[in-house]
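Heavy-atom basis, side chains included; hydrogens, waters and symmetry copies ignored.
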Amino acid sequence: MSVAILMGSKSDLDIVRNAFDVLDEFGVKFTARIMSAHRTPHEAAGFASEAEAKGCKVIICAAGMAAHLGGVVAAHTTLPVIGIPMASEPFKAVDSLLATVQMPPGIPVAAVTCGKAGAKNAALYAVSILATADEELAAKLKEFRKKQREQVLAADEELQNELKERKNVKN
C-alpha cells in the first residue's frame, strides 16, 4: 500500500470516494478505513503507528466537526498526513477546517479544501508526494497537469468563438 485513507465516519465515504478515483487514475495503491479519533482512539493510533512498517507513504484523514483525526494520526507517525475537513452541522465545515489547520508546532497536518474538491486535492497531493521518489508517477502527474491546461484553453477558445458573434463584446 502506498496511501492510507482514514475516515472518521461512514458518512464521509461519498465524498472520500473522489480520492479513491484519483488514486485509481494514477495507479496508486491505497487502503481505506473508518476510524474515529474519539470513538476508536486506540485503533486510530495503532493504525498510524504501524502504517510505515506496512508500506504506507502518506496518510489522508477525512473528518468533520472537531476533526481531530488528522492530528491524532500525525501524533503517532512521521509520515505525511493530509487532512480533508468535512462538512457537518451546524458550521458547514468551518469548524473542521479550523481544527485541521490549527495543529500545534511539531505535529504538522497539511489541509486541503473541504468536500469533493478536497478529497480530489488530497489524493493529488499524496500523488505529488509519492512522485518525488517515482519518476513514472511524476510523468503521469505532469501529463495530468498538461491535460488540465489543454481543457481550460479549449474551453476558453469555445467561449471566444461564441463571443465573436456578439456585437457588444470587447476582445
K.L.:
Donor-acceptor pairs under 3.5 angstrom involving side-chain atoms of residues 83-105: please list them, not counting sequence neighbours.
P.N.:
unit_1	atom_1	unit_2	atom_2	d
Ser88	OG	Met65	N	3.2
Glu89	OE1	Lys92	NZ	3.3
Glu89	OE2	Lys92	NZ	3.1
Ser96	OG	Met86	N	3.4
Ser96	OG	Met86	O	2.8
Ser96	OG	Ala93	O	3.2
Thr100	OG1	Ser96	O	2.7
Gln102	NE2	Leu98	O	3.2

K.L.:
Can you hop from Met35 to Val72 via hydrophobic side chains spaced under 4.5 Å?
P.N.:
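Different clusters: Met35 never reaches Val72 through Ile, Leu, Val, Met, Phe, Trp or Tyr contacts under 4.5 Å.
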K.L.:
Does atom NZ (Lys116) have a neighbourhood of more than 12 heavy atoms from anything else shown, all under 6.0 Å?
P.N.:
no
K.L.:
Short question: side chain of Thr132, backbone of Ile129 - any donor-acceptor pair under 3.5 Å?
P.N.:
yes
K.L.:
Between Ile107 and Ala75, what is the shortest heavy-atom contact and its length?
P.N.:
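Closest pair (atom of Ile107, atom of Ala75, distance): CG2-N, 3.8 Å.
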K.L.:
I need the Ile34 CD1 to Thr40 OG1 distance, nearest 0.5 Å.
P.N.:
10.0 Å
K.L.:
Grab the two heavy atoms, one from Val109 and one from Ala74, that are nearest each other, plus how far apart they are.
P.N.:
CG2-CB, 3.8 Å
K.L.:
To the closest 0.5 Å, what do you measure between OG (Ser2) and NZ (Lys29)?
P.N.:
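Atom-to-atom, Ser2:OG and Lys29:NZ are 8.0 Å apart.
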K.L.:
Would you give me the side-chain donor-acceptor pairs under 3.5 Å for residues 143-150, sequence neighbours excluded?
P.N.:
none

K.L.:
For Arg33, give me all partners under salt bridge (charged side-chain N to carboxylate O under 4.0 Å, His left out), at least two apart in sequence or on another chain.
P.N.:
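Arg33 satisfies salt bridge (charged side-chain N to carboxylate O under 4.0 Å, His left out) with no other residue.
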K.L.:
Any side-chain heavy atom of Val3 sitting closer than 4.5 Å to one from Ile60?
P.N.:
yes
K.L.:
For Glu165, enumerate each residue passing the side-chain contact (heavy atoms from CB on, under 4.5 Å) test, keeping only those at least two apart in sequence or located in another chain.
P.N.:
none
K.L.:
For residues 5-13, dump all side-chain donor-acceptor pairs below 3.5 Å to protein atoms at least two apart in sequence or in another chain.
P.N.:
unit_1	atom_1	unit_2	atom_2	d
Ser9	OG	Ser11	N	3.2
Ser9	OG	Ser11	OG	3.0
Asp12	OD2	Gly8	N	3.4
Asp12	OD2	Ser9	N	3.3

K.L.:
Identify the heavy atoms of Glu52 and Leu79 that sit nearest to each other, and give their distance.
P.N.:
N-CD1, 3.8 Å
K.L.:
What donor-acceptor contacts under 3.5 angstrom involve side-chain atoms of residues 14-26, with partners at least two apart or in another chain?
P.N.:
unit_1	atom_1	unit_2	atom_2	d
Asn18	ND2	Ile15	O	2.8

K.L.:
Does the side chain to side chain contact (heavy atoms under 4.5 Å, CB included) test come out yes or no for Ser128 and Leu141, once each step is laid out?
P.N.:
CA-CA 7 Å; Ser128 69; Leu141 187 57; 3.7 Å; yes
K.L.:
Could you walk me through whether Ile59 and Thr77 pass side chain to side chain contact (heavy atoms under 4.5 Å, CB included), step by step?
P.N.:
CA-CA 10 Å; Ile59 302 174; Thr77 185; 4.2 Å; yes
K.L.:
So how far is it from Cys61 SG to Phe47 CZ, rounded to the nearest 0.5 Å?
P.N.:
9.0 Å
